[in-house]
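Structure record follows, encoded as structure tokens.
All chains are named by letter (A, B, ...) in the order of the sequence lines, taking the proteins before the strands, and each is independently numbered beginning at 1.
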Amino acid sequence: MAVAGDETESASTGEMSGYQICTPTSSLPQGVVMAGSPGSLHSPPHVADETTRKRQLRLMKNREAARECRRKKKEYVKCLENRVAVLENQNRTLIEELKALKDIYCHKVE
DNA sequence: CGTCCAAGGCGTCAACGCGA
DNA sequence: TCGCGTTGACGCCTTGGACG
């Protein structure tokens, strides 16, 4: 597995709608290009070239957009997991506190 | 070892929403 | 209406672990 590990500990209360970003990370790997564009058939060569070029450009942009989208999604999930952990801790603490208060109250009544 | 399987990443397509 | 960015869905590939 070769996963670019980006650690983001954003204290967890980060509410993210539409995948908000906590830590900016940017990397632009190599560009893989596929050939073939349907629109280039039966067209003058220069038009076909232009069509192909536009397609390549679109594919390249979308490739990087997809990467970025996945990165944001992962980060979003990580934030949510952090939040869950914090809330669970909070919940445990509150339960303990409640128990302690109940104890105190019971001893007073007796 | 070799095989199988699950998990994760990637590229592409299609659909959608938004601003010009 | 058009062009563009975003994202879900799909299929493919790679990798690591379990098992015989």
Does anything in residues 90-101 of chain A pair up under salt bridge (charged side-chain N to carboxylate O under 4.0 Å, His left out), and if so which pairs, sequence neighbours excluded?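 Checked against salt bridge (charged side-chain N to carboxylate O under 4.0 Å, His left out) - neighbours excluded - the pairs reaching residues 90-101 of chain A are A:Glu96-A:Lys99.
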
A:Glu75 pairs by salt bridge (Lys or Arg N to Asp or Glu O under 4.0 Å) with which of A:Lys72, A:Lys78, A:Arg71?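 Checked A:Lys72, A:Lys78, A:Arg71 against A:Glu75; only one passes salt bridge (Lys or Arg N to Asp or Glu O under 4.0 Å): A:Arg71.
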
Checking side chain to side chain contact (heavy atoms under 4.5 Å, CB included) for the pair A:Tyr76/A:Leu80: CA distance, chi angles, key distance, verdict? CA-CA 6 Å; A:Tyr76 174 63; A:Leu80 287 183; 3.6 Å; yes

Pull out every protein N or O sitting under 3.5 Å from an N or O of nucleotides 1-5 of chain C, one pair per line with the distance.
none

Below 3.5 Å between N/O atoms, which protein atoms pair up with nucleotides 13-20 of chain B? Just atom names and distances, please.
from   : atom 1 : to      : atom 2 : distance (Å)
B:dC13 : OP1    : A:Arg55 : NH2    : 3.2
B:dC13 : N4     : A:Asn62 : OD1    : 3.0

What's the [atom1]-[atom2] distance between [X] and [N], to the nearest Å?
| X | N | atom1 | atom2 | answer |
| --- | --- | --- | --- | --- |
| A:Leu57 | B:dT12 | CG | P | 13 Å |
| A:Arg71 | C:dT7 | CZ | P | 11 Å |
| A:Glu68 | C:dT7 | CD | P | 9 Å |

Between [atom1] on residue [X] and [atom2] on residue [Y], distance to nearest 0.5 Å:
| X | Y | atom1 | atom2 | value |
| --- | --- | --- | --- | --- |
| A:Asn62 | A:Arg67 | CG | CZ | 11.0 Å |
| A:Lys102 | A:Leu98 | NZ | CG | 4.5 Å |
| A:Arg83 | A:Gln90 | CZ | CD | 9.0 Å |
| A:Lys54 | A:Arg58 | NZ | CZ | 11.0 Å |

[X] side chain N/O closer than 4.0 Å to the phosphate oxygens (OP1, OP2) of [N]?
| X | N | result |
| --- | --- | --- |
| A:Lys72 | C:dT7 | yes |
| A:Lys73 | C:dT6 | no |
| A:Arg67 | B:dC10 | no |

For the base of C:dG8, is there a side-chain donor-acceptor partner from A:Arg70 under 3.5 Å away?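 Between C:dG8 and A:Arg70, which were checked side chain against base, a qualifying N/O pair under 3.5 Å is absent.
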
In degrees rounded to 10°, what angle is found between the helical axes fit to the five outermost pairs at each end of the helix from B:dC1-C:dG20 to B:dA20-C:dT1?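 The end-segment axes of the helix from B:dC1-C:dG20 to B:dA20-C:dT1 are tilted 0° relative to each other.
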
List the steps and the verdict of side chain to side chain contact (heavy atoms under 4.5 Å, CB included) for A:Met60 and A:Leu57. CA-CA 5 Å; A:Met60 195 184 75; A:Leu57 192 65; 4.3 Å; yes

Test salt bridge (charged side-chain N to carboxylate O under 4.0 Å, His left out) applied to A:Arg53 - qualifying residues, sequence neighbours left out: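 Here the qualifying residues are A:Glu50.
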
